[in-house]
Amino acid sequence: MNIRRVKQGARITWYNGIYMILFGIFYAVFAKFNMKQNFNAISELWGFFAKFNPEITFLFYLFNVLIGLFLISTGITIMHLSDFIIKRKDKMTWVVLFISGLIAWSGLTVISWLFRNTVLIALSLTGWFIFIFGMLLPINYYLEKSYREY
């Protein structure tokens, strides 16, 4: 029963890695949409800003692409660690996956919340909840598993 929950949780986090990759692609491809949403939240016009500050506008685009690439690489890491858990059910891999996913999803949610971008808030909260569900499913197995003391 517990082994089956470990595999189910790892599959959920594996699909969460795919979701994070797609979220990263969204972040990189729709950078202009993200910037419009972010600037609307602070009552500034993105078009006006882009017209009079093209160099800084380009830096904002590059920053969004960089975040997208970060999300893609983190999604690949989550998928790899989840696959490793499916094969070996190792506790240390689960801990690394938990910490890396916790940092990535909570960071995305906080940044989206600070930007007051409702689209990014909804997407990051969805990923956050899927990840937490996938991590909490096998937690009893890892808490009950005993290891040798060195």
Side-chain angles (χ1 to χ4, degrees), residues 3-142:
I3 300 296
R4 196 170 70 207
R5 284 189 170 208
V6 170
K7 289 186 177 187
Q8 287 173 345
R11 283 189 191 103
I12 290 170
T13 56
W14 190 84
Y15 287 118
N16 184 262
I18 292 174
Y19 180 80
M20 186 173 266
I21 290 170
L22 294 174
F23 190 35
I25 292 170
F26 172 80
Y27 231 105
V29 171
F30 295 106
K32 187 178 274 191
F33 171 76
N34 290 336
M35 287 292 90
K36 285 180 183 177
Q37 290 291 103
N38 292 344
F39 273 75
N40 283 340
I42 59 172
S43 301
E44 294 290 332
L45 298 174
W46 173 249
F48 182 76
F49 183 79
K51 182 178 179 182
F52 292 107
N53 293 318
E55 295 87 13
I56 297 175
T57 303
F58 184 67
L59 289 176
F60 277 116
Y61 284 136
L62 290 180
F63 183 67
N64 268 300
V65 171
L66 181 67
I67 291 173
L69 291 174
F70 164 73
L71 292 175
I72 291 169
S73 66
T74 306
I76 291 169
T77 303
I78 287 175
M79 288 176 64
H80 177 71
L81 290 172
S82 299
D83 188 49
F84 194 78
I85 289 172
I86 290 171
K87 292 178 181 171
R88 293 203 179 169
K89 294 165 268 323
D90 185 45
K91 184 176 184 177
M92 188 61 189
T93 307
W94 184 82
V95 170
V96 170
L97 177 62
F98 184 75
I99 291 171
S100 64
L102 186 72
I103 291 169
W105 284 115
S106 62
L108 279 170
T109 305
V110 167
I111 291 299
S112 299
W113 195 271
L114 290 175
F115 280 147
R116 289 183 238 133
N117 189 336
T118 55
V119 174
L120 295 181
I121 290 171
L123 291 173
S124 62
L125 280 177
T126 302
W128 173 255
F129 290 134
I130 292 169
F131 182 79
I132 291 297
F133 180 70
M135 295 279 31
L136 292 180
L137 201 59
I139 198 167
N140 285 335
Y141 173 78
Y142 288 114

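Remember, predicted model here, so these are calculated numbers, not experimental data. Just so you know, residue 1 is the first one in the sequence shown, and it goes up from there.
- Within 6.0 Å of the CZ atom in F30, the count of heavy atoms belonging to other residues, nucleotides or ligands does not exceed 12.
- The CG atom of L69 sits 10.5 Å away from atom CG of L62, with the distance rounded to the nearest 0.5 Å.
- The environment of F26 atom CZ is dense: over 12 non-hydrogen atoms of other residues, nucleotides or ligands sit within 6.0 angstrom.
- Side-chain atoms of L108 and W113, non-hydrogen and from C-beta on, never get closer than 4.5 Å to each other.
- Side-chain atoms of S124 come within 3.5 Å of backbone atoms of I121 as a donor-acceptor pair (strictly under, hydrogens ignored).
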Worked verdict on Y15 versus M79 for side chain to side chain contact (heavy atoms under 4.5 Å, CB included): CA-CA 7 Å; Y15 287 118; M79 288 176 64; over 6 Å; no
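- Taking CZ of F115 as the start and CD1 of I111 as the end, the distance is 6.0 Å to the nearest 0.5 Å.
- Between Y61 and K32, the closest heavy-atom pair is OH-CE, 3.2 Å.
- Put simply, the side chain of S82 reaches to within 4.5 Å of the side chain of L97, judged on heavy atoms.
- Contact between V96 and L81 at its shortest, heavy atoms only, is CG1-CD1, 3.9 Å.
- The CZ atom of F133 sits 4.5 Å away from atom CD1 of I12, with the distance rounded to the nearest 0.5 Å.
- In this structure, CG on L114 lies 11.0 Å from OG1 on T109, to the nearest 0.5 angstrom.
- Looking at every heavy atom in both residues, S106 comes nearest to I103 through OG-O, 3.3 Å.
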Listed pairs under 3.5 Å, donor-acceptor, residues 16-25 side chains, sequence neighbours left out:
from, atom 1, to, atom 2, distance (Å)
N16, OD1, W105, NE1, 2.9
N16, ND2, G127, O, 2.9
Y19, OH, L123, O, 2.8

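- Nearest approach of L102 to F131, heavy atoms of both residues: N-CE2, 3.7 Å.
- Between atom CG of residue L125 and atom CD1 of residue I130 there is a gap of 11.0 Å, rounded to the nearest 0.5 Å.
- Put simply, CG on D83 and CD1 on I78 are 13.5 Å apart, with the number rounded to the nearest 0.5 Å.
- Closest of all the heavy-atom pairs between I86 and K7 is O-CE, 3.9 Å.
- Looking at heavy atoms from C-beta onward, L120 lies in side-chain contact with Y27 at the 4.5 angstrom threshold.
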